[in-house]
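Input: a single structure, listed below in structure tokens.
Residue numbers begin at 1 in each chain, while the letters A, B, ... track the order of the sequences. Treat the numbers as computed from the prediction; the structure is a model and nothing was measured.
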Amino acid sequence: MDYKNTLNLPRTSFPMKANLPQRETMILTKWTNLYKKIQHEFSKKEIFILHDGPPYANGHIHMGHALNKVLKDIINKFNLIKGKRINYIPGWDCHGLPIEQQVEKNLKKENKRKEDIGKVLFRKMCREYAKKFVEIQKEEFIRIGILGDWENPYITMDPKYQAIEIKELGKFFKKNLIVKSKKPVYWCIYDKTAEAEAEVEYREKTDPSIYVKFPLKDEDNTFLVIWTTTPWTLPANLGVMVGEDYEYSFIKTGNGDVFIIARELLDSVKEKTGINGEIIKTVKGRDLVDLEYEHPFIDRTGIVYPSEFVTLTSGTGLVHMAPGHGIEDYTVGQRYGLEPFSPVDDEGRFTDEAPSFLRGINIFKANELIIEKLKEKNLLLFEEKITHSYPHCWRCKNPVIFRATPQWFIRMESEVNGKTLREKALEEIERVKWIPRYGKNRIKSMVEQRPDWCISRQRYWGVPVTVFYCEGCGTVIADEEVFEHIADIVENHPEGADIWFKAEPEELLPKGYVCPKCGGNKFKKEEDILDVWFDSGCSHAGVIRPLGVKKADLYLEGSDQHRGWFQASLLESVGSYGEAPYKAVLTHGFVVDEEGKKMSKSEGNVISPQEIINQYGADILRLWVVSEDYTEDIKIGQNIIKMIVEDYRKIRNTMRFMLSNLYDFDPSSQSVPYDEMFHFDKWILSRLGRVVNEVISGYENYKFHLVYHTMRNFASKDLSSIYFDVVKDRLYVYKPDSFERRSSQTALYNILLVTTVLLSPILSFTCEEVWEHIREIDKTLPESVFLANVEVKKLAPINEDIERDYGILLKLREHVMKVLEEARRQGFIKHPYEAKVFISGDGEITSVARKYEDYINFFLTVSQVDFEDGGNIFLKEEGLKIGVDRAEGKKCPRCWVYFKEEDFKGDVCTRCAEVLKEMGVHSN
RNA sequence: GGGCCUCUAGCUCAGCUGGUUAGAGCGUGCCCCUGAUAAGGGCAAGGUCGGUGGUUCGAGUCCACCGAGGCCCA
């Protein structure tokens, strides 16, 4: 007789092979309305808001996006498990330079320029471009299983969003947080336009290289020596910068002149200029600070300033400073109250503010005149031509210059509720929880040091700075009512803010509006648009506050956003509402390759989420996200993916084993009450309870890699290697409805439910798939694991008494395994069932093992255990001796355990014979 | 060049306020099973904690410097 048919062998339709790429798309169909359903069913619960930072709507998603969105998804889904309601509205950032550039590039192919087609048409093209990628990315995010309100995302180019942004801007103007002042930007004097940093191209250019003497005011014949390749900026010179910690030497030459030059650069300057002399003293840069000098050819003086921007790689270590013509000069200048002086007009000609010999002259042509002037004054130390890399206009290929132009700024020192914006922002930083903790220092030092926020851009694709200028008196029109009025118009216009560029000022202003200062009724529109960081910085106002909530529970982005979105959002919110828009901010690191190097096309080490999804499935991608500590760089590569795939298999098979042994189990009628359960089943539930605690604390502390390690270890150690291995005998051999089997099935069912729920935030697809199989066991369960309301802790009671005993029994088991291995090696046995184990000694292990005398052989997966000294192969230690011999008797063909002849009834063991009898099966 | 951060077995991670022979899982090797089977089980070998120098009775754990890498700034 084939006894195999009388066993309760596992049965399941849950496939071993996941085939995720295909299966996941089916599950996605099921999830189509899931978010809505959850919102509906969980509507009474406490809300948790993770506010999405908007990715830029350009290109397909990359690993960084995937990492970010999966982390968010895990947190959202964990909150569902905790019994909260979530609100997750994904967003996109749509305006700005990269899209503008891409569209311009496309235009160029048709030999067109954006100037030729006009702002409105150009903006339309940008909008279409952004829209296309919003749709693409949306599909990609949905594909990786991100749960959210994908039907109603927030999009910064939506009229509604733009309207809110304009209102926010209005608040800033109303609170006097915005000022107009000058700042140097890249400027093309041929195209007469500002250019963004990302737009200029570096090319070789030949320029004069001159060393100039700046006479000290209070010390005769003593000169600061500066070096410059832009003599034309000398008329705008307002100071000299030095490095505070550098050493500067005073060189006295033959004719009595004293030159001040950085000591480290002395040799190179001497060599270049031919000056010679002896060092009469050397001082620190900070000792030079505040020294006053006379401008070489203009009747004014300047002083020496300390600067972190001075380097000793070239020049003299003393840097000529023109705050209107250099960004570093400007930054230092701001610090000391210097204006960004720039006596140069749109077309690159000197204005009336320049000395008379230069007025009206093109700056590049003026170089020679200035050099002549310096020679005339005997202040030119040396002159030559050099060729160096210099920024050029990307369209006309001519050199660009830095030129101070009027810009709008949010002033960090403006007052908000009695404090400066900066102080208030710093105060708010203290109130926010930063994860990891050092994130706080990072953003704090950035906010402490940051310059005023320049929010204007001289570009086409963005939200306009909706202010007017009175043509009569030049007054800036920035009344709140005007902003509200324009916001209304924008919100109700199909193309939103495009109306600003289409309509006349009269159409945009409230009817009959006159200049509050001069009563004039002719106005000019501001042409500038807003910095995209202001766009996304308003998202709390556009998304969170309309829900009636003041703060998001969490913002979660890459650590680069301490400078970007976190800061923009903080400043915008503090300026507008006096507080931070978030309670907590979590940051993650960046995706790097297996060597820890950053990914780049040229290195060829880029891996895309699409590749992983198509080859292995989104759950593999999701498992990867939690496999590493994301607060630092997170590595990915083929080897790492392989490892993740292995782990996935282990977890999947563990789930499968449980399912396959529950095919005849009805939890409502066949569960064994906890108190009556078999001790080993109580033990595994207790272990599960520990796992639940660890996993929940891992989730709560955002340490998902700990969740991963805990679950993986539980699956492979506690479950596969111990519990399943031991419990198989009870599951397979006993009568289907026996206590022995039902008790273990009760445990298995609890474990399956709990692990499925606990893993669902991570392995969302697989857990949903498992869930569908669990629902065949319990038909009362809700349709999705994400709608489940499983009280995981209740299903996994911790039992310390049992844990204590089993802690000891497990030690015994480990010892026995070693002895069995030795026996196997020596050929005594092959399968553990062929063994009889002898346990003796007066230690704790022996006494606990005796307590479980009738069961201990099953726990050790051997056929027989004797509590006496014996065995051919043995292990001995303090108070314990374990021996192994061949089991006595013969193997029962049904349960495979060895029994003595007298323990057989017919050709099966008495245990099996009894089971068969109860089952009504006749054996031989 | 500056600020912040990281560096423990082949891989991913533990290792609390400094204190016995540095742990886990995976992978690897060898073996077993064939009633989880393109599965399952067992045993074993692998680190002196990026490097150097300090503080200390004692350091992976504190300090300094160096190296590799990441983010931001320049």
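- Legend: residues meeting ring pair (Phe, Tyr, Trp, His ring centres under 6.0 Å) with A:His773, ordered by chain and number and at least two apart, are A:Phe14.
- Comparing B:G70 with B:U52, their P atoms are spaced 24 Å from each other, to the whole Å.
- With P as the reference atom, B:G69 and B:G60 are 26 Å apart, rounded to whole Å.
- Across all strands, A:Asn441 comes closer than 4.0 Å to no nucleic acid atom at all (heavy-atom distances).
- Ring to ring, A:Phe680 and A:Phe858 are not that close: their centroids are 6.0 angstrom or more apart.
- For the P atom pair drawn from B:G18 and B:A9, the interatomic distance equals 23 Å after rounding to whole Å.
- For B:U12, the OP1/OP2 oxygens have a side-chain nitrogen or oxygen of A:Lys635 closer than 4.0 Å.
- OP1 and OP2 of B:A68 both lie 4.0 Å or more from every side-chain N or O belonging to A:Lys597.
- Syn is the conformation of B:G46, whose glycosidic angle sits no further than 90° from 0.
- Straight-line distance between the C1' atoms of B:A64 and B:U21: roughly 31 Å, to the nearest whole Å.
- Side-chain atoms of A:Thr631 do not come within 3.5 Å of backbone N or O of A:Pro436 as any donor-acceptor pair.
- Remark: aromatic rings of A:Trp683 and A:Tyr723 are distant, center separation not under 6.0 Å.
- Here, B:C63 and B:G25 have their P atoms 32 Å apart, quoted to the whole Å.
- Here B:G70 presents its P atom at 10 Å from CG of A:Asn605, a figure rounded to the nearest Å.
- Here B:C13 presents its C1' atom at 12 Å from CG of A:Asp647, a figure rounded to the nearest Å.
- We find that CZ of A:Arg886 is positioned 14 Å from C1' of B:C32, with the value rounded to whole Å.
- Between A:Ile856 and A:Leu809, the closest side-chain pair of non-hydrogen atoms falls below 4.5 Å.
- Distance noted for atom P between B:A24 and B:C43: 12 Å (whole Å).
- In this structure, A:Tyr630 has its ring center at least 6.0 angstrom away from the ring center of A:Tyr702.
- B:G47 and B:A14 have their C1' atoms separated by 14 Å, given to the nearest Å.
- Put simply, CG on A:Asn713 is 9 Å from C1' on B:C26, counting in whole angstrom units.
- Regarding A:Lys717, its NZ atom lies at a distance of 6 Å from the P atom of B:C43, rounded to whole Å.
- For the pair A:Glu822 CD and B:C30 P, the computed distance is 18 Å after rounding to whole Å.
- Between A:His705 and B:A14 there is a side-chain polar atom (N or O) within less than 4.0 angstrom of OP1 or OP2.
- Taking the six-membered ring for Trp, A:Phe402 and A:Tyr186 have ring centres closer than 6.0 Å.
- Relative to the side chain of A:Ser445, the nucleotides B:G3, B:C13, B:C5 differ in distance, and B:G3 lies closest.
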Legend entry - Contact letters for nucleotides 33-41 of chain B, in which S counts primed atoms plus P, OP1 and OP2 and B counts the base, heavy atoms under 4.0 Å: SSBBSSSSS
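- When the P atom of B:C13 is taken as reference, atom OH of A:Tyr630 falls 13 Å away, rounded to whole Å.
- Here, B:U8 and B:C13 have their P atoms 9 Å apart, quoted to the whole Å.
- Between the A:Asn8 side chain and the A:Tyr732 main chain, a donor and an acceptor come within less than 3.5 Å of each other.
- Centroid-to-centroid, the aromatic rings of A:Phe838 and A:Phe874 stay 6.0 Å apart or farther.
- Atom CG of A:Leu67 and atom P of B:C71 are 14 Å apart (whole Å).
- For A:Ile640, counting side-chain heavy atoms from C-beta on, the closest listed nucleotide (B:U12, B:G70, B:C5) is B:U12.
- For A:Lys598 and B:G70, the shortest distance from a side-chain N or O to OP1 or OP2 is not below 4.0 Å.
- Nearest heavy atoms, A:Phe899 versus A:Cys892: CD1-CB, 4.3 Å.
- Residue A:Arg825 has its side chain nearest to B:C43 when only B:C43, B:G70, B:U12 are considered.
- Of the two residues near RNA chain B, A:Arg442 and A:Ser627, the one whose nearest nucleotide lies more 5' is A:Ser627.
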Inset, instruction - Quick one: the dot-bracket string of RNA chain B, using Watson-Crick and G-U wobble pairs with both distances under 3.5 Å, [ ] for crossing pairs and | for bases paired to another strand. - result: (((((((..((((.....[...)))).(((((.......))))).....(((((..]....)))))))))))).
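- Remark: side-chain polar atoms of A:Asp2 are paired, donor with acceptor, to backbone N or O of A:Lys4 under 3.5 angstrom.
- In plain terms, the two heavy atoms of A:Ala835 and A:Leu820 that are nearest each other are CB-CD2, 3.5 Å.
- Backbone-only contact: A:Gly596 has heavy atoms under 4.0 Å from sugar-phosphate atoms and none from a base.
- Within the 4.0 angstrom heavy-atom criterion, only backbone atoms of the sugar-phosphate kind lie near A:Glu328; the bases stay farther away.
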